Amino acid sequence: MGKCLWFAANFQEIIMSEELSNNEYRQQRIQNMEKLEAAGFPAFGQAFERTARLDELHASFEEGRQVKACGRIVAMRKMGKMAFAHISDGSDKFQLMVKQDMLSEDVFDAFKLLDLGDIIGVSGELFVTRTEEQTIRVDHWTLLSKALLPLPEKFHGLTDVETRYRQRSLDLISNPEVMDVFKKRTQVLREIRTFLDARGFYEVETPMLQQIAGGAAAKPFKAYYNALNVDVYMRIAPELYLKRLIVGGMDRVYEMNRNFRNEGLDRTHNPEFTALEIYQAYGDMRTMQELIQSMFTHLAETIFGKLEFQWMGNTINLQTPWREVAYCDLIKEHLGNDWFEKSMEEAVAKAEELEVHVERGMDFKQVTHEIYDKTIEGTLIQPTFITRLPKELVPLANHCSDDPEVVDVFELIIGGKEIAPAYSELNNPIEQRARFEAQAAGDGSKIDEDFLAALEYGMPPTGGMGIGIDRLLMLLTGSDAIRDVILFPQLKPRG
RNA sequence: GGGCCGGUAGCUCAGUCGGUAGAGCAUUUGACUUUUAAUCAAAGGGUCGCGGGUUCGAGUCCCGCCCGGCUCACCA
């Protein structure tokens, strides 16, 4: 008892120095905590061995069975000499019935001191109430953790978007559908690994801190490594390292992890995002085409039990085979069969008619691509592979065997968004060096010589693909914002 | 970066023409042994995002700033 008071007095002192101490609700809860401790219920308990998770308890329900369960109190209905409560453990909710005559009067009174949000463990017998709800008739309970701050309101929950992102804990507690999205995310990631492993791919980890941020055209985040006295960059892509592994003979590899790009934030961009890159030696773009169709339909059927998804106001059907169209044919389809015979002036006039902004100095192909980007891509709702892109648009891919002006790649578009590009990878080291040099524009420090040296030992023909996992999850979970599939999205510091 | 919208009690939201700051849930007190958005009675709870200005008086009007959402642009 003396120890208890000492603890309480010190605790008060500590918290009084914080802004939170002004919170009336928090002070009431601390008072309740002290009363509970005085009644023999320490506020922060030890590990609790439960019979089962609450969802499992519902699934294996058996009237009369003695069980132990635990969770956070999310609802409480007190009535004189009995009370009903619901606890939740993130898997499900379960109702508790607590009656004074099942416990001693003191223990029952202490139960009524519990606050919404407190985490408790109980033991008791399973039964079904008059209203046919599966319930535990509590014979013992213990406090596992006191909640000092109140939870969001029970009915409307937490809806304030900013608070949801900034305090994801609260979002998960009060919005089961948010919990469900992130559980699905975990399942999808695991199933991707299972799928690829079954096809003989090795999952690997390549550097996130790179001295040359290569493999994509994007601005990197910069950091400084004290021990080596060098600048390092957070990777923008793992591509050049995965290809080194292909050279090394690890001929089916993938990496699913974070990339970092120093760009703006919007509904479909977060500066750190999860990408899956896959490389298969002796394959090509066609290999990847088969792989992604099999993988997406497998994920959809295994985890979601369907092939149709609602996303951004459209119904998307993943039934294979997906449409394939050559870039050039797609352009003709939308802009007319004679498009590629048009003059520069006619092309610019068409762009203006379509309210597409074109810069001075753009050539015909760039104007065409600008029109594609702004007016055509967004109309491709059902999964579509766009193939045979002009080589100028994709500098790191192999050209098609029947036409050196176009490259052997696809862009997979779903719901009007780019989901995955795949290439028949460039394996000619001389050509690769020439393209790097053009890209680096004279700055030799940006050329990854180690990668080029690896290529010089010979890389087999290889199919490669990159999949934006966050966007895939948006599609599969029907989320319109990337922030709804990333647990802790980037936000501005609070002002 | 531009435009539009928003920030009021722990949460969800009202707040009219510039005139004492409101409701529901939650909280506190009391009643209640099958409730489930429990019910009934009563009570307490506010840096109206922040800072200026106009005014006798500002949640409300004006200016600046912060944070968020949508959207356009940029970037890719």
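Here the structure is a predicted model, which is why all the values come from computation and not from measurement.
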Hey, what are the protein-to-nucleotides 46-50 of chain B N/O distances that come in under 3.5 Å?
none

Mind pulling the stems RNA chain B is in, i.e. runs of at least three Watson-Crick or G-U pairs, everything under 3.5 Å?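 RNA chain B stems, ordered by first number: B:1-7 with B:66-72, B:10-13 with B:22-25, B:27-31 with B:39-43, B:49-53 with B:61-65.
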Measuring to OP1 and OP2 of B:rG7, would you say a side-chain N or O of A:Thr163 lies under 4.0 angstrom away? no
Using only side-chain N and O atoms of A:Arg164, determine if any of them is under 4.0 Å from OP1 or OP2 of B:rG68. no
Heteroatom pairs (N/O) under 3.5 angstrom, protein to nucleotides 1-6 of chain B:
none

Taking only nitrogen or oxygen atoms into account, show me every contact under 3.5 Å that the protein makes with nucleotides 37-44 of chain B, one pair per line with its distance.
| residue | atom | partner | partner atom | Å |
| --- | --- | --- | --- | --- |
| B:rA37 | O3' | A:Lys154 | NZ | 3.1 |
| B:rA38 | OP1 | A:Lys154 | NZ | 2.2 |
| B:rA38 | OP2 | A:Arg77 | NH1 | 3.4 |
| B:rA38 | N6 | A:Lys78 | O | 3.1 |

Nucleotide of B:rC11, B:rU27, B:rU33 approaching A:Asp101 most closely (side-chain heavy atoms): B:rU33
Considering residues, nucleotides and ligands other than A:Lys222, do more than 12 of their heavy atoms fall under 6.0 Å from its NZ?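 No - once you tally the heavy atoms of other residues, nucleotides and ligands closer than 6.0 Å, there are 12 at most.
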Heavy-atom neighbours of A:Lys112 NZ exceed 12 at 6.0 Å: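 Yes, the 6.0 Å shell around NZ holds more than 12 heavy atoms from other groups.
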Checking A:Glu277 now: which residues fulfil salt bridge (Lys or Arg N to Asp or Glu O under 4.0 Å) with it, not counting sequence neighbours? none
Got a list of side-chain donor-acceptor pairs under 3.5 Å for residues 206-213 of chain A, not counting sequence neighbours?
| residue | atom | partner | partner atom | Å |
| --- | --- | --- | --- | --- |
| A:Thr206 | OG1 | A:Arg235 | NH1 | 3.2 |
| A:Thr206 | OG1 | A:Glu255 | OE1 | 2.6 |
| A:Gln210 | NE2 | A:Pro207 | O | 3.1 |

With a 4.0 Å heavy-atom cut-off, tell me which residues in residues 81-94 of chain A come close to RNA chain B, sorted by residue number. A:Lys81, A:Met82, A:Phe84, A:His86
Can you pull the side chain to side chain donor-acceptor pair (under 3.5 Å) pairs that have at least one residue in residues 141-157 of chain A, sequence neighbours excluded?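 Every pair satisfying side chain to side chain donor-acceptor pair (under 3.5 Å) with a residue in residues 141-157 of chain A: A:Asp115-A:Lys146, A:Asp118-A:Lys146, A:Glu153-A:His156.
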Which residues satisfy the side-chain hydrogen bond (donor to acceptor under 3.5 Å, both in side chains) test with A:Arg185, sequence neighbours excluded? A:Thr274, A:Asp470
Residue pairs passing the ring pair (Phe, Tyr, Trp, His ring centres under 6.0 Å) test where at least one lies in residues 64-99 of chain A, sequence neighbours excluded: A:His58-A:Phe94
ring-ring contact (aromatic ring centres under 6.0 Å, His included) partners for A:Phe410, two or more places apart: A:Phe385
Would A:Arg323 and A:Glu333 pass as an ion pair if we require N to O under 4.0 Å? yes
Dump the pairs, protein N or O against N or O of nucleotides 71-76 of chain B, anything under 3.5 Å, distances to one decimal.
| residue | atom | partner | partner atom | Å |
| --- | --- | --- | --- | --- |
| B:rU71 | OP1 | A:Arg267 | NH2 | 2.9 |
| B:rU71 | OP2 | A:Arg267 | NE | 3.2 |
| B:rA76 | O3' | A:Ala217 | O | 2.3 |
| B:rA76 | N6 | A:Asp373 | OD2 | 2.8 |

Where do A:Arg435 and A:Leu426 land on the side chain to side chain contact (heavy atoms under 4.5 Å, CB included) test, with the steps shown first? CA-CA 10 Å; A:Arg435 293 186 190 185; A:Leu426 182 63; 3.9 Å; yes
